[in-house]
Each structure stands twice: as C-alpha cells, then as structure tokens.
Amino acid sequence: MKSNGHIGILKKIVISAAGLITALSLTACEGQNLLTPKPPELNKLFNFSANITCDTSNFSALFSRTAIGSWEVTVTEPYELQGITFTYSRGNASASLEGLTAEALTSDFSSSPVVYIAEALENAVQDGLASVVYGDNSYTVHSGGTVLSFPQGSNVPNGFEIADKQIKGEITEFNVTEEIFKDGADVVLVL
C-alpha cells in the first residue's frame, strides 16, 4: 500500500511540474510576440570613424551627425584625399579643403558614396519601425536597404551595409555627442 501511495504522490508532482513548465513556456512565447525587440535609440548627435569598402573605392573617414539631417564627413585615408570635408544638409552638399569650399546640389554628388552613406544612416537612425534580427554574438537593425550591426548587448554599432550601393563600413570609435529632445531640437545650454 505504501508504494502505491508514493507512486500517486510522485504522479501528482510530475503532472504539476509538467503543467507549470507548459504554462511558463506558453507565457514566454506570448511575451515574445507582444514584445518585439526594438532597435537602440540612435536619433542623437554622434560621430564615428569608419573604414569604407565600396565598388568604386575604399576610404576611411570621420563621420559626424551635426544636427538632424546634417552631416560632416572628413576623409582620413587615402593620403591623396586626406583632409577633404564633405558637408551634407537636407539636399545641399559642399566639399572643402584648407579654407577652399565648393558648394553644389546633392545631385552633383549623386554618385558619391559619402552622400549615399549620409542619407542611408540618417534614414536608419530616424526609423522607428526598423526590425531587429538576433544572431549568436551580434544583432542587426534593418531599415530599408540599410543594415546596422551591433555586438550582442551593446547599443553602439560596429558596422553598416547599404546593399543596393554595395557599400560596407566598419565602425570604430563611436561617440554620442548630444541628445536630441523628442520634438527634434538639439540640446542647448544657456549660461
């Protein structure tokens, strides 16, 4: 009799544990559907260095998002182009070197990888509907044709790709310089 009593208690424990495990797994699945991963908040002012590979050339540059829709890109390599700064702001672009500036419409620089990168990254950091895809040690944020890569657990991108333009960038030294208020205004300090 005692062994049947133990078996009955053991059956109840196993059934209770199985029910608890099933309930927890169903809750976890529902939670995943309700709480889709959101991309990190990058609609900020920032700068970073990047090594760029594209179909026309390879170069390195310092990229700075100076305001919403405005970028400065200073070429650091190759040596022949070192120091040229491209400024891009909402359809206008210019190039400068040692005090000399040439201004043009963005269409004049339409084949420039600098313009593609500035426009693609601007759209990506403002995209609230970007999707997140997790890998083993990293995750990516997809916004249109732009993919930003991040190390797992980090809000700092380490690369980007603009597939339709065959442009890839390896990001180093990413720094947030200022936060942006929700209405889009830059942070301003008043003394």
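Bear in mind that the values here come from a model prediction, so they are computed numbers and not experimental data.
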| task | Given side-chain hydrogen bond (donor to acceptor under 3.5 Å, both in side chains), test Tyr88 with Glu119 step by step and report yes or no. | result | CA-CA 9 Å; Tyr88 170 80; Glu119 288 178 344; 3.0 Å; yes

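- A distance of 9.5 Å separates OG of Ser64 from CG of Asn175, quoted to the nearest 0.5 Å.
- Around the CG atom of Asn137, the shell of radius 6.0 Å holds no more than 12 heavy atoms that belong to other residues, nucleotides or ligands.
- Salt-bridge formation is not detected for the pair Arg65/Glu72: no Lys NZ or Arg NE/NH1/NH2 atom is positioned less than 4.0 Å from an Asp or Glu carboxylate oxygen.
- Within 6.0 Å of CD on Glu173 lie no more than 12 heavy atoms contributed by other residues, nucleotides or ligands.
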| request: Quick one: do Phe63 and Ile52 satisfy side chain to side chain contact (heavy atoms under 4.5 Å, CB included)? Show the steps, please. | output: CA-CA 11 Å; Phe63 290 78; Ile52 310 297; 4.1 Å; yes

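- Minimum interatomic distance between Lys165 and Asp55 (heavy atoms only, all atoms of both residues): O-OD1, 4.2 Å.
- The CG atom of Asn158 sits 7.0 Å away from atom CD1 of Ile171, with the distance rounded to the nearest 0.5 Å.
- Of the possible donor and acceptor atoms, one in the side chain of Glu41 sits under 3.5 Å from a partner among the backbone N and O of Asn43.
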| message | Does Leu121 form a side chain to side chain contact (heavy atoms under 4.5 Å, CB included) with Phe160? I'd like the steps, not just the answer. | response | CA-CA 9 Å; Leu121 292 179; Phe160 61 87; 4.2 Å; yes

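- One distance of note links CG of Leu42 with CD of Gln126; it measures 11.5 Å at 0.5 Å rounding.
- Looking at Asn47 and Thr177, their side chains come closer than 4.5 Å, going by heavy atoms from C-beta outward.
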Between side-chain atoms of residues 139-148 and protein atoms elsewhere (two or more places apart, or another chain), which donor-acceptor pairs fall under 3.5 Å?
| unit_1 | atom_1 | unit_2 | atom_2 | d |
| --- | --- | --- | --- | --- |
| Tyr139 | OH | Ser154 | O | 2.5 |
| Thr140 | OG1 | His142 | NE2 | 2.8 |
| Ser143 | OG | Asp127 | OD2 | 2.7 |

| field | Thr74 and Thr85: CA distance, side-chain angles, deciding distance, side-chain hydrogen bond (donor to acceptor under 3.5 Å, both in side chains) verdict | value | CA-CA 4 Å; Thr74 302; Thr85 299; 3.0 Å; yes

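- Residues Trp71 and Phe46 place their aromatic rings such that the two centres sit under 6.0 Å apart.
- Shortest non-hydrogen contact noted between Glu178 and Lys44 is O-CB, 3.6 Å.
- For the atom pair CD of Glu77 and CG of Asn58, the computed distance is 11.5 Å after rounding to the nearest 0.5 Å.
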